[in-house]
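Chain letters run A, B, ... following the sequence lines, proteins first and then strands; every chain starts at 1.
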Amino acid sequence: MLSRLSFARPSGEVLTLAALAVLVFALSVLPMARLLLEALAPGGVPSLHLLLAAWDSPRVWAATRNTLEVAVFGTALSVAVGGGMALLVALSDIRAKAALVFLFMVPLMIPPQVNALAWLQLFGPASVLLNMVGIAPAPGSRNPLYSREGIVLLLGIQHAPLVFLALRAGLRSMPRELVEAARASGAGRWRVLKDVVVPLTLPPLVAGAALAFVSAVGNFGIPALLGIPGRYLTLPTLIYQRLANFGPSVIAETAALSILVGAIAFAGVLVQGWLLRRRDYRTIGAPTPPLALSLGRGRPWVEIACWGVIALVLAAPLLALFVTALVPAYGVKLTVDTATFAAFKQVLLQPGATARAFRNSLLLAGAAALLLTACAVPLAYFIVWKRNRLLRAMNLAAELPYALPGVVLAIACILIFLKPIPLLGLSLYGTVWIIFVAYLARFLTLALRPAIGGLAQIDRALEEAAQMCGAKFGKRLLSVVFPLVAPLAAAGGILVYLTAVNELTVSALLWSAGSETLGVIVFALDEGGDTVRAAAVSVLSVAMIFAVMGGASLLGRRLPPGVLPWRA
Amino acid sequence: MAGLTLRRATRRFGAGRAAVDAVDLEVADGEFLAVLGPSGCGKTTLLRLVAGFERLDAGEILLGGEKVSGPGLHVPPEERRVGVVFQSYALWPHMTVKRNVGYALEVRGVKGAEYARRVGAALATVGLSEFAERRPASLSGGQRQRVALARCLAMEPRLVLLDEPLANLDVHLRAAMQDEFAEFHRATRATMLYVTHDQAEALALADRVAVMDGGRLVQLADPKTLYREPATAMVAGFIGKGAVVPGKVLEAERGGTAPVEVLGVRATLRAAKRTAPGAAHVLLRPEDLAPAAGGGGIAVTVKRAIYQGAQNEIELVPAAAPGEMLLWQAPPGASPKVGDTLRLAVLEGWVIPGRD
């Protein structure tokens, strides 16, 4: 298919494609290849020696077992909560669905370390909220969240929206006639659910569960804040500890461990394929407006339960977080007299690591969002409209750094940039730029997917019409393609921004003095015992997330459903 | 404007049969040629080859004598100056009607008074001057179609290609737009290639019609010849109504006719030059049949009588060949009923020269 591009005179089209191919392979394939090389052929000699040595340790086996435990049970919780909510929202006639969906999606957009910090404020003897109400446990007692169960609970809540999104999309595209045919055949609501809906939406449900599992395996923020104090290490936190304690000298060992993390995540995807093998899930018929099966007199109770869940998993922890940020010092009881915004003033105005972190994260996320959106549109143009094997490979490669756990990418980036870049002599290790490159690699697919979705909906003839008018590649891209996919590309940019601005997993392993990020600073403040300021930074993060989500929802009214995950 | 020449033009998708298979075609300067065929016959691929959206695998394409596609050569669409009216119209929703129409001029750097004059003239030709500042979304289907035509006009193309331009319009609008196309062709004398699967559209509009089937050009002729003398049974079945039945040519063609035995009767039918004696397929259209006097003609039984207003269309099964079917038309007042038997004489007919 390459022969279809004219090589005789390299056009703007060919040059753009070449540049994009180099970019995607440098960001996606190169780091993973470097990681595999380090682990499988240390020093250039193929050998499993390093892998086996690194894995031959009781701590590694304990961490592996812990990782599997919290990921499996956390995923089960996500499926129960997210799946139930998706069925209710997609199939029933409960009211205020838009508000419910928006609030239910919030835990996904709130970074894990902030969620963890907020939940920690809801329990334990020092909880400002519990002390206000006077129901705090006795001083000296242990916060029950510093445990395996705590991690499972929070992972379940954090990733329930992933299952919800996948299942709801599946329910939405299920032809309504299939449900109506079952009802016409005399099946009641529960029989329809059991015999038609659940069997047909198994693939999206399993896909959502696999996504939740992979995310749980790679999650760093929750096991870091809950597990490290509770001496319950998972593989990502073990890697972090080794690297934090011994520095780059243990890079080879951590490379071996990160391959183990990647393998566990990949196993989750394999199980997904195995569960869905050899069954026909294809449905015929156009997707139709969502069903609204009547809940009858039970509706108010179901609604109360839904809002109760929201209050429990979202409102209560955030409230606890907020009141913690208002006390002058941790342990002080919050009253009208003691309440102060001093912590907010400190973190925003006092020069130092926190102010730097705000600046770094805003700049990193903004620049990544702009650059990735600008690259995603032409890349999507090639992938959707000039299908060939190279482009399919590029599309898959772009998914890799996001699909694999963040520690894998971070270790790969350290391996690549530990030494100065050959020829250029540039050294990125220890600067903010290594984080920027890692963000570009990790979030490319977030910008790319909406752009691909947008282009797939556009009639190719719109571009061909511009071609017939004599417009060259660049002109067509700017005057026709960009304006047409602009809303979706912007949605992708917003997703990149929101995800990057609070990112922790990658930056926790890559940061250095001067290149702190918001995620790192919350983690570091909490680890250093400065819970109040950690809470203040977190509250500001959450406020920013709400503002961007709400703003995007208002701006994005014309977007097709499903582009902004939090819009019903 | 310029003429168009295709020589052994071939395009393959994957390993299967060629989508366009060694097509030879010559379109004269200013001619209105329709490309007609069932869906999947390769007619749209042919159009896309001419526009330059697809590459040739073999053969060559010349525009006004200049080669634009051939071995080792592919002039990209943006350098061909070939106008296309797309089936979906392909109007840019984010631009005004005026900017849609003037886009080709914008690309070429035409500005100011010259730009305004040419866009204005193109819009005036299709009668849409008042709509210049509107967006395509606020126009009706017919108006969008006319904007697409104006866009072609403004780019001063060497050739205009139309890809099923009426497929998305309702029946009433189609007739009106057909008139518009005819008028457009008369006013501009543009060379036009009109792709359609609707035989009525093709016969009504075109100077000549090229019928395609399975990627091959089956017949290229004026509408009257196509109707009266189809080259193959496929063309006979695709254009107009009628039945293709087996027959036997008794003597070689002389003076445009030949004696033929068909369904047990002898008749003198029109035949192509050099038609030789032997088995052949025979086209009998409804108007070729009439009630036979006395005991002659083909004995038939009425299988269905379909009311069509001015006449009834009647499906008949010949007694001599129950597997075949004939079509006939009768005024509703004098229509036979299902189950009636009657005898029909063959007044005329056509010996199909080609084999599918």
Side-chain angles (χ1 to χ4, degrees), chain A residues 1-17 377 381-382 384-389 392 451 454-490 555 557-560, chain B residues 11 13-14 44 47-48 50-57 72-95 99-110 136-137 147-148 150-161 163-165 168:
Chain A
M1 290 300 276
L2 267 177
S3 63
R4 294 186 60 188
L5 306 168
S6 86
F7 281 111
R9 35 178 185 165
S11 57
E13 188 172 340
V14 174
L15 292 176
T16 310
L17 179 59
V377 173
Y381 167 93
F382 286 113
V384 176
W385 283 346
K386 311 261 159 160
R387 272 170 266 165
N388 67 36
R389 221 171 293 157
R392 265 198 298 278
L455 265 160
Q457 287 171 357
I458 293 172
D459 184 2
R460 174 89 199 264
L462 288 174
E463 196 231 352
E464 290 172 343
Q467 221 174 347
M468 110 197 161
C469 285
K472 302 243 183 256
F473 175 69
K475 171 83 181 170
R476 297 201 297 272
L477 210 56
L478 288 178
S479 64
V480 175
V481 178
F482 260 108
L484 289 175
V485 293
L488 278 114
L555 287 177
R557 282 189 198 286
R558 285 179 19 229
L559 288 176
Chain B
R11 174 78 179 119
F13 295 113
T44 294
L47 175 141
R48 294 175 61 79
V50 173
F53 298 129
E54 298 285 348
R55 280 170 174 261
L56 275 182
D57 289 316
L73 173 79
H74 181 79
V75 176
E78 56 265 34
E79 289 166 24
R80 289 196 180 192
R81 278 214 299 133
V82 169
V84 183
V85 175
F86 293 88
Q87 184 172 356
S88 59
Y89 320 137
L91 301 180
W92 300 296
H94 58 293
M95 298 182 189
R99 191 153 173 237
N100 264 286
V101 172
Y103 186 79
L105 301 174
E106 180 188 321
V107 168
R108 277 182 234 158
V110 179
V147 176
R151 180 171 64 185
C152 271
L153 195 61
M155 66 177 279
E156 292 176 347
R158 299 196 278 187
L159 175 69
V160 178
L161 308 176
D163 184 11
E164 307 247 6
N168 289 336

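You'll find the side chain of B:R151 reaches within 4.5 Å of the side chain of A:C469, heavy atoms only. A heavy-atom distance below 4.5 Å is found between the side chains of B:C152 and A:M468.
Heavy atoms of B:Q87 lying under 4.5 Å from chain A are absent altogether. Interface remark: B:L105 contributes no atoms to any contact with chain A (heavy atom separation under 4.5 Å). Of the two parts of A:A486, neither the backbone nor the side chain holds a non-hydrogen atom closer than 4.5 Å to a non-hydrogen atom of chain B. If you measure heavy-atom distances from B:V82 to chain A, the contacts under 4.5 Å come from the backbone alone.
The distance from atom OG of A:S11 to atom CD of B:E78, rounded to the nearest 0.5 Å, is 8.5 Å.
Contact between A:V480 and B:M95 at its shortest, heavy atoms only, is CG2-CE, 4.4 Å. Here the closest non-hydrogen pair linking A:S479 and B:H94 is O-NE2, 2.7 Å. Shown here for A:L462 and B:L91, the closest heavy-atom pair between the two residues is CD2-O, 3.1 Å.
Applying the side chain to side chain contact (heavy atoms under 4.5 Å, CB included) test to B:V107 and every residue at least two apart in sequence or in another chain returns A:A471, A:K475, B:Y103. Under the rule for a ring-ring contact (aromatic ring centres under 6.0 Å, His included), B:F86 has no partner lying at least two apart in sequence or in another chain.
The candidate with the highest count of non-hydrogen atom pairs below 4.5 Å against chain A, out of B:A90, B:A148, B:G72, is B:A90.
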